[in-house]
Protein chains: 2
Amino acid sequence: METWKEFEANELTHSAAHHLIAIHELGAEYGGWARVSDIAKDLGITRGSVSINLRALKKRGYVVTDEHRMVKLSAKGLEVANSVKSKKAGFKTFLIDVLGVSEAQAEIDSCKIEHLISEETSERLAQFMDEHKPAHH
Amino acid sequence: METWKEFEANELTHSAAHHLIAIHELGAEYGGWARVSDIAKDLGITRGSVSINLRALKKRGYVVTDEHRMVKLSAKGLEVANSVKSKKAGFKTFLIDVLGVSEAQAEIDSCKIEHLISEETSERLAQFMDEHKPAHH
DNA sequence: GTCAAATGTTTGGTATGTCAAACTATTTCC
DNA sequence: GGAAATAGTTTGACATACCAAACATTTGAC
């Protein structure tokens, strides 16, 4: 009867998920390392906000920093970043290819729910997509 | 590039959506009217929280109150409550019947995303479900 | 090596959404 | 009709997540 509170209990908030994704993408060419101001620029928020948000993500073990204040995902952070990205990609593909939703709306919807979908659902969706792949000769 | 901020721009928060749904369901037998303390009991939060949250929902035109402090959805509030409920129901059915997700997980996932799904996606999903109804004789 | 620019942090502010607890108002019971 | 229980509101607290602006630190240009 209080299923609705599961939302608050979610491992990651939408904001936290996007901080991790930003680090992952910005760090891609630099061995995983990213800078606070580049994360801020990428997310369109201030350096101050990122600084504070990273403190919490660091404390919770999702990111690590080095002596030059460079930021990197921990193993746990990398795992959840990849999980969220794959959920988003899978759901977006489903929306476009199966339901026929427009690309723009599919991007928005998949971005909104990427961090909320359970492993069970994302696995079943992947299985469904696999079974309904366009036929090949 | 800042699609991720659409989340914050969503018409309803998860909490707001569930306040509206609670009013809708509690009021069902009383001409739509519900009491603060029953809403609080239903949601599992304090009367104080509900009181404050309703103030905002009233200001934004989703609920109305009478001289006895009874609470009811406005036409707009009723519309969004119904929309959210139907999105949840449609998505949950899809998860269970099409993907084979467990009932418990489908309930949680659909509850988390019910207020985030666009009209376009929910319409396409409804259409998909309609086209894939179990065959009848 | 100095000075300016860029970067990172901190502080004080806002908004949401929760709590506990104090307070006020209403209803119910006898 | 008075006392107790119930209902509603308000206050002060906390957590998240943003901003602007002040501040500190680091980097880079010369």
Side-chain angles (χ1 to χ4, degrees), chain A residues 2-23 26-27 30 33-72 80 111-112 115-116, chain B residues 2-23 26-27 30 33-72 80 111-112 115-116:
Chain A
E2 285 182 11
T3 300
W4 81 284
K5 286 193 176 177
E6 294 285 328
F7 189 89
E8 295 303 314
N10 207 57
E11 179 180 9
L12 293 177
T13 62
H14 183 68
S15 171
H18 278 277
H19 277 66
L20 300 186
I21 291 169
I23 295 165
L26 290 168
Y30 307 99
W33 296 100
R35 293 189 313 168
V36 170
S37 56
D38 290 332
I39 299 165
K41 203 171 295 169
D42 187 74
L43 294 177
I45 62 179
T46 65
R47 298 194 307 273
S49 295
V50 172
S51 182
I52 290 166
N53 295 337
L54 289 181
R55 194 189 299 158
L57 290 172
K58 199 172 155 180
K59 192 172 158 196
R60 293 173 57 205
Y62 290 104
V63 309
V64 295
T65 52
D66 69 6
E67 67 275 19
H68 305 299
R69 287 151 303 140
M70 296 297 282
V71 183
K72 191 181 178 175
V80 303
C111 181
K112 281 182 180 175
H115 66 300
L116 296 170
Chain B
E2 283 180 16
T3 300
W4 81 282
K5 286 194 176 177
E6 293 285 329
F7 189 89
E8 295 303 314
N10 207 56
E11 180 180 8
L12 293 178
T13 62
H14 183 70
S15 173
H18 279 276
H19 278 67
L20 300 185
I21 292 169
I23 295 166
L26 290 168
Y30 307 99
W33 296 101
R35 294 189 313 169
V36 169
S37 56
D38 290 332
I39 299 166
K41 203 172 295 169
D42 187 74
L43 294 176
I45 63 180
T46 64
R47 297 194 308 274
S49 296
V50 172
S51 181
I52 291 166
N53 295 336
L54 289 181
R55 193 188 300 157
L57 290 172
K58 199 171 156 182
K59 194 172 157 197
R60 294 174 57 205
Y62 290 104
V63 309
V64 294
T65 52
D66 71 5
E67 68 274 19
H68 304 298
R69 288 150 301 138
M70 296 296 282
V71 183
K72 191 180 179 176
V80 304
C111 180
K112 282 182 179 175
H115 66 301
L116 296 169

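Scope of the values below: all heavy atoms of this structure, side chains included, with no hydrogens, waters or symmetry mates. Predicted, not measured: the structure shown is a model, and the values here were computed from it. Order of the sequence lines sets the chain letters (A, B, ...), proteins ahead of strands, with each chain counted from 1.
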Quiz prompt | With sequence neighbours excluded, residues passing side-chain contact (heavy atoms from CB on, under 4.5 Å) with Glu8(B) | solution = none
Self-check item: Contacts of type salt bridge (charged side-chain N to carboxylate O under 4.0 Å, His left out), residue Lys5(B), not counting sequence neighbours
Solution: Glu2(B)
Quiz item: Is His14(A) reaching over with its side chain to a backbone N or O of Trp4(B), donor-acceptor style, under 3.5 angstrom?
Solution: yes
Self-check item: Any residue meeting side-chain hydrogen bond (donor to acceptor under 3.5 Å, both in side chains) with Thr46(A), in chain and number order, not counting sequence neighbours
Solution: Ser49(A)
Practice problem: Evaluate the side-chain proximity of Leu57(A) to Ile23(A): yes if any heavy-atom separation is below 4.5 Å, no if none is. | Solution: no
Practice problem: With sequence neighbours left out, write down each residue that passes side-chain hydrogen bond (donor to acceptor under 3.5 Å, both in side chains) with Lys72(B), or none if nothing qualifies. | Solution: none
Exercise. Taking His19(A) for its side chain and Ser15(A) for its backbone only, find out whether a donor-acceptor pair lies under 3.5 Å.
Key: yes
Self-check item: Spacing of Phe7(B) atom CZ relative to dA15(C) atom C1', expressed in whole Å
Solution: 16 Å
Quiz item: Between Leu54(A) and Ile39(A), is any pair of side-chain heavy atoms under 4.5 Å apart?
Solution: yes
Please tabulate, one pair per line, each protein N/O and nucleotide N/O from nucleotides 16-21 of chain C that are separated by under 3.5 Å, including the distance.
residue: dG17(C); atom: OP1; partner: Thr13(B); partner atom: OG1; Å: 2.4
residue: dT18(C); atom: OP1; partner: Ser15(B); partner atom: OG; Å: 3.3
residue: dT18(C); atom: OP2; partner: Ser15(B); partner atom: OG; Å: 3.0
residue: dT18(C); atom: OP2; partner: Asn53(B); partner atom: ND2; Å: 2.7
residue: dC19(C); atom: OP2; partner: Thr46(B); partner atom: N; Å: 2.9
residue: dC19(C); atom: OP2; partner: Thr46(B); partner atom: OG1; Å: 3.2
residue: dC19(C); atom: OP2; partner: Ser49(B); partner atom: OG; Å: 2.9

Quiz item: Excluding sequence neighbours, so at least two apart, what forms side-chain hydrogen bond (donor to acceptor under 3.5 Å, both in side chains) with Arg35(B)?
Solution: Asp38(B)
What's touching nucleotides 26-29 of chain C from the protein side, N or O pairs under 3.5 Å?
none

Practice problem: Could you pull out all residues at least two apart from Lys58(A) that satisfy side-chain hydrogen bond (donor to acceptor under 3.5 Å, both in side chains)? | Solution: Thr65(A)
Quiz item: Between which nucleotides of DNA chain D, read 5' to 3', does contact with chain B run, using atoms under 4.0 Å from its heavy atoms?
Solution: dA7(D) to dC18(D)
Self-check item: Atom-to-atom span, CG of Leu12(B) to C1' of dA15(C) - whole angstrom
Solution: 16 Å
